Amino acid sequence: MTIDIRKVTVLGTGVLGSQIAFQTAFHGFDVTAYDIDDEALDAARDRFATLVTTYEAEVEGAGGGKAGRTAESITLTADLADAVKDADLVIEAVPEVLTIKQDTYRKLAELAPERTIFATNSSTLLPSDIEDATGRPDKFLALHFANRVWKFNTAEVMGTADTDPAVFAAVVAFAENIGMVPIELHKEKAGYVLNSLLVPFLNSGIALAAGGYADPEAVDKTWRIATGAPMGPFQILDIIGLTTPYNILANSGEADGEQLAAWLKANYIDKGKLGIATGEGFYRYNG
Ligand code: NAD
């Protein structure tokens with residue numbers, strides 16, 4: 001039996017949740033976005049307004065009022081029961097805190113119809129860390145987007161040993177239907193494909209500069225020229241922003257990681273050089 005996904009509810013309308021809701025609505029799905037209170041919903045309205053401008057500038061077919069109609073089509077609510085009462089798929093993008101996720105799924109388990117599929121956008125938790133709270137391990141998996149979903153459009157799909165293959169297939173098809181390139185993982189892996197490659201790569205770059213072996217510019221230049229890649233690790237770090245990589249290293253529990261974190265903090269973070277968002281990171285940006 002194929003599973004039909006039409007009605008989608010996104011939980012959490014922060015950086016990623018707002019993008020996922022907007023991208024899904026842009027592709028014609030019936031979207032409800034939930035957040036905890038009126039203040040968070042006002043912030044969501046602001047995020048959607050910004051996305052209208054971004055889509056008009058960067059996404060093909062977003063002109064002629066389509067992006068504006070997309071924002072208007074999204075139902076916003078702070079009532080969880082109402083948000084999920086008729087959902088085929090719930091995509092969860094609440095804060096990356098295990099207890100908040102578990103608490104959210106315990107409530108969802110009670111409130112959502114039996115057929116509803118739950119997908120977590122968690123970057124660092126494994127779905128098997130959360131599945132017990134869902135009450136439906138067969139209909140639960142990870143669907144992991146990258147920041148700026150309309151442009152960096154991978155959607156990593158990763159189930160647990162308990163995920164029903166038909167549910168997995170339905171979520172892969174859904175990802176394709178909202179303009180993503182689905183990346184199927186055959187078993188659980190912390191960091192999925194992308195971060196399993198990217199995090200060690202970025203850390204190796206930082207180690208070269210922090211160890212005094214080569215300047216950030218030289219590291220990036222080497223990578224660009226010798227591999228043909230458009231960007232080196234420090235250019236990528238400036239786009240991501242230095243705070244998240246710093247937090248990952250500082251909490252790595254390893255002396256080497258903590259040393260790299262200290263170097264980032266003393267030379268960049270404490271000086272307000274957090275990347276493109278602050279106008280300067282490893283490089284300086286105008287405008
Ligand atoms: P964020 O802090 O920007 O947004 C979180 C949102 O959840 C906020 O709007 C907040 O009001 C809301 N919220 C708080 N408590 C809640 C609750 N109990 N129920 C529902 N909503 C609640 O976070 P984010 O960066 O969008 O990250 C959300 C998830 O997406 C995390 O699991 C993160 O790992 C993942 N993710 C983030 C990125 C990224 O680049 N930011 C990329 C991929 C995946």
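Reckoned from all heavy atoms, side chains included, excluding hydrogens, waters and symmetry mates. The model shown is predicted, which means the values in this text are computed figures rather than measured ones. For ligands, and for the atoms within them, numbers begin at 1 and follow the listed sequence.
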Completion exercise
Atoms of ligand 1 under 4.0 Å from any heavy atom of His144, numbered from 1 in the order shown, are 43 (C), 44 (C)

Problem - For atom 40 (O) of ligand 1, closest protein heavy-atom neighbour - result: Asn147 CB, 3.5 Å

Practice task
Spell out, as yes or no, whether a donor-acceptor pair under 3.5 Å connects the side chain of Glu110 to the backbone of Lys107.
Solution key: no

Exercise for the section: Look at atom 12 (C) of ligand 1 and say which protein heavy atom is nearest, naming residue and atom and giving the distance to 0.1 Å. Expected result: Asp35 OD1, 3.2 Å

Handout entry: Side-chain heavy-atom pair Ile91, Thr120 within 4.5 angstrom cut-off
Key = no

Handout entry: Donor + acceptor pair across side chains of Gln23, Tyr55 (<3.5 Å)
Key = yes

Completion exercise
Within the 4.0 Å heavy-atom cut-off, what Val15 brings close to ligand 1 is both

Handout entry: Donor-acceptor pair, side chain of Asn195 and main chain of Ser123, under 3.5 angstrom
Key = no

Problem - ligand 1 contact on Asn121 by region, counting heavy-atom pairs under 4.0 Å - result: both

Practice task
Among all protein heavy atoms, pick the one closest to atom 4 (O) of ligand 1 and tell me residue, atom and distance.
Solution key: Gly14 CA, 3.2 Å

Problem - Pairing residues for Asp86 by the salt bridge (Lys or Arg N to Asp or Glu O under 4.0 Å) criterion, not counting sequence neighbours - result: Lys7, Arg115

Practice task
Give a yes or no on whether the ring-centroid distance for Trp150 and Phe26 is below 6.0 angstrom.
Solution key: no

Exercise for the section: Check ligand 1 against Ile100 and write out every atom of the ligand that is under 4.0 Å from a heavy-atom position of the residue. Expected result: 18 (N)

Problem - Side-chain donor-acceptor contact under 3.5 Å, Tyr34 with Asp82 - result: no

Handout entry: Side chain, backbone, both or neither: Phe145 near ligand 1, heavy atoms under 4.0 Å
Key = backbone

Problem - Leu11 touching ligand 1 at heavy-atom level, < 4.0 angstrom - result: no

Practice task
Starting from atom 2 (O) of ligand 1, find the nearest protein heavy-atom neighbour and note its residue, name and distance.
Solution key: Pro95 CG, 4.9 Å

Problem - Sub-4.0 Å protein heavy atom near atom 9 (O) of ligand 1 - result: yes

Practice task
Mind checking salt bridge (Lys or Arg N to Asp or Glu O under 4.0 Å) for Glu217 and listing every partner two or more places apart, or none if nothing turns up?
Solution key: none

Problem - Distance from atom 37 (C) of ligand 1 to nearest protein heavy atom, with residue and atom - result: Leu16 CG, 3.7 Å

Handout entry: ILVMFWY network linking Tyr268 to Leu208, side-chain heavy atoms under 4.5 angstrom
Key = yes

Handout entry: atom 15 (N) of ligand 1 touched by protein (heavy atom, under 4.0 Å)
Key = yes

Fill in the blank from the handout: Heavy-atom proximity to atom 17 (C) of ligand 1, picking from Leu143, Ile20, Ile36, points to Ile36

Exercise for the section: Identify the protein heavy atom lying closest to atom 44 (C) of ligand 1, giving its residue, its atom name and the separation to 0.1 Å. Expected result: Ser123 OG, 3.0 Å

Exercise for the section: Please identify which atoms of ligand 1 are closer than 4.0 Å to at least one heavy atom of Lys101. Expected result: 31 (C), 32 (O)

Problem - Any donor-acceptor pair under 3.5 Å from Thr13 side chain to Asp35 backbone - result: no

Problem - Heavy-atom nearest neighbour in the protein, as seen from atom 21 (N) of ligand 1, with distance rounded to 0.1 Å - result: Val94 CG1, 3.5 Å

Problem - Tyr192 and His144 aromatic ring geometry - parallel, tilted or perpendicular at 30°/60° bounds - result: parallel

Exercise for the section: Starting from atom 33 (C) of ligand 1, locate the nearest protein heavy atom and write down its residue, its atom name and how far away it is, to 0.1 Å. Expected result: Glu96 OE1, 3.7 Å

